[in-house]
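The structure under discussion appears below in the form of structure tokens.
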Amino acid sequence: MAAKTKAKPRERKRLSTETRELLLTECGYRCAVPSCRNILALDMHHIWEVHAGGPDEPSNLIALCSYCHDMYHRGNISADSIYTYKAMLVAISRAFDIDAIDKLLFLNSHEPDFLVVSGDGLLHFARLIAAGLASGEQKTNNNWQLVTYTVNISEMGRQIIEAWREGDRTRLKKVIGGPMPGNTNQGLTS
């Protein structure tokens, strides 16, 4: 009788330069954990881990700083949070550029009506306003000599940022809808 042999786990390979660049671009060369955003050396974390058969494909990888990577493996950052961070990076990077993401984070960090801009300044937030993630309202009009607008994050934008920071996949799904990466149960209750 032949002895049962246990399958040898796949050996970790060095990621290609193209894959690393794609992931670094996706996260804006910052840690994917929204409360961190460290720009120092980044690790490429396998969401579905290598020892469990996770592939070296960009959809299975996320850039984390070494501190957050270690926090994940110590159990201080949940797998659900990692899925949420990846989902946000994919959703945001495909719909917006890094500048738009930074503007959304900036708006979320200030009190309402903090930012007052001219019409030219308002145009810098056009993508966020068009997507319903921010709003612009006229504040002053001095006989059309100087028209100013306040720019604020919308409730939808605030909910997305909060879900992203909390790593709450269910909340993120409620806000943006659609399937979440890594979720084999597409019938999540909403």
Side-chain angles (χ1 to χ4, degrees), residues 21-40 42 58-59 62-65 67-68 77-78 80-183 186-190:
E21 284 179 2
L22 191 141
L23 292 165
L24 290 170
T25 301
E26 178 182 75
C27 69
Y29 286 81
R30 298 179 199 164
C31 179
V33 175
S35 58
C36 175
R37 308 297 279 158
N38 197 337
I39 58 171
L40 298 178
L42 298 174
S59 62
I62 187 168
L64 299 175
C65 71
Y67 177 76
C68 290
I77 296 175
S78 72
D80 210 41
S81 293
I82 294 295
Y83 285 127
T84 302
Y85 303 151
K86 179 68 175 183
M88 280 301 299
L89 287 174
V90 170
I92 290 175
S93 66
R94 300 278 155 74
F96 303 103
D97 56 15
I98 298 303
D99 183 54
I101 296 168
D102 287 342
K103 286 176 180 159
L104 194 61
L105 291 169
F106 172 80
L107 291 174
N108 190 57
S109 67
H110 289 88
E111 295 293 320
D113 299 335
F114 169 82
L115 182 61
V116 178
V117 297
S118 66
D120 290 349
L122 184 64
L123 290 175
H124 291 284
F125 292 88
R127 293 183 97 178
L128 295 175
I129 293 170
L133 300 177
S135 64
E137 286 187 39
Q138 186 176 330
K139 182 172 179 70
T140 62
N141 182 345
N142 299 323
N143 291 327
W144 300 105
Q145 296 297 312
L146 179 61
V147 181
T148 60
Y149 301 85
T150 56
V151 181
N152 291 294
I153 191 168
S154 71
E155 184 57 30
M156 180 177 165
R158 188 174 310 283
Q159 287 182 19
I160 286 173
I161 295 298
E162 288 173 3
W164 183 19
R165 285 193 167 145
E166 293 169 6
D168 186 338
R169 193 164 31 158
T170 303
R171 185 172 178 191
L172 184 62
K173 181 178 178 2
K174 284 181 182 175
V175 177
I176 64 175
M180 294 288 121
N183 182 9
Q186 298 301 318
L188 279 177
T189 57
S190 51

Worksheet, complete the sentence: Output for pair (Ile101 CD1, Leu89 CG), nearest 0.5 Å, gives 7.0 Å
Worksheet, complete the sentence: Rounded to the nearest 0.5 Å, the CD1 atom of Ile160 sits from the CG atom of Asn108 at a distance of 11.0 Å
Indicate whether any N or O donor in one side chain lies under 3.5 Å from an N or O acceptor in the other, for [X] and [Y].
X	Y	result
Arg30	Asn38	no
Thr140	Thr148	yes
Ser81	Thr84	no

Mind checking whether [X] and [Y] have side chains closer than 4.5 Å, heavy atoms only?
X	Y	result
Tyr83	Arg169	yes
Ile62	Tyr85	yes
Leu105	Trp164	yes
Ser118	Val147	no

Discussion item. What I want to find out is whether Asp99 reaches Arg127 closely enough, with some N-O distance under 4.0 Å, to be called a salt bridge.
Written reply: no
Item to complete: For atom CG of Leu24, decide whether the heavy atoms of other residues, nucleotides or ligands shown that lie under 6.0 angstrom number more than 12.
Response: yes
Fill in: Tyr67 atom OH, neighbour heavy-atom count above 12 within 6.0 Å
no
Between [X] and [Y], which heavy-atom pair has the shortest distance, and what is it?
X	Y	value
Cys68	Ile77	O-CD1, 3.7 Å
Arg165	Pro34	CA-CG, 3.4 Å
Leu122	Val117	N-CG2, 3.5 Å

Worksheet item: Angle class for the Phe114/His110 ring planes (parallel below 30°, perpendicular above 60°, tilted otherwise)?
Response: parallel
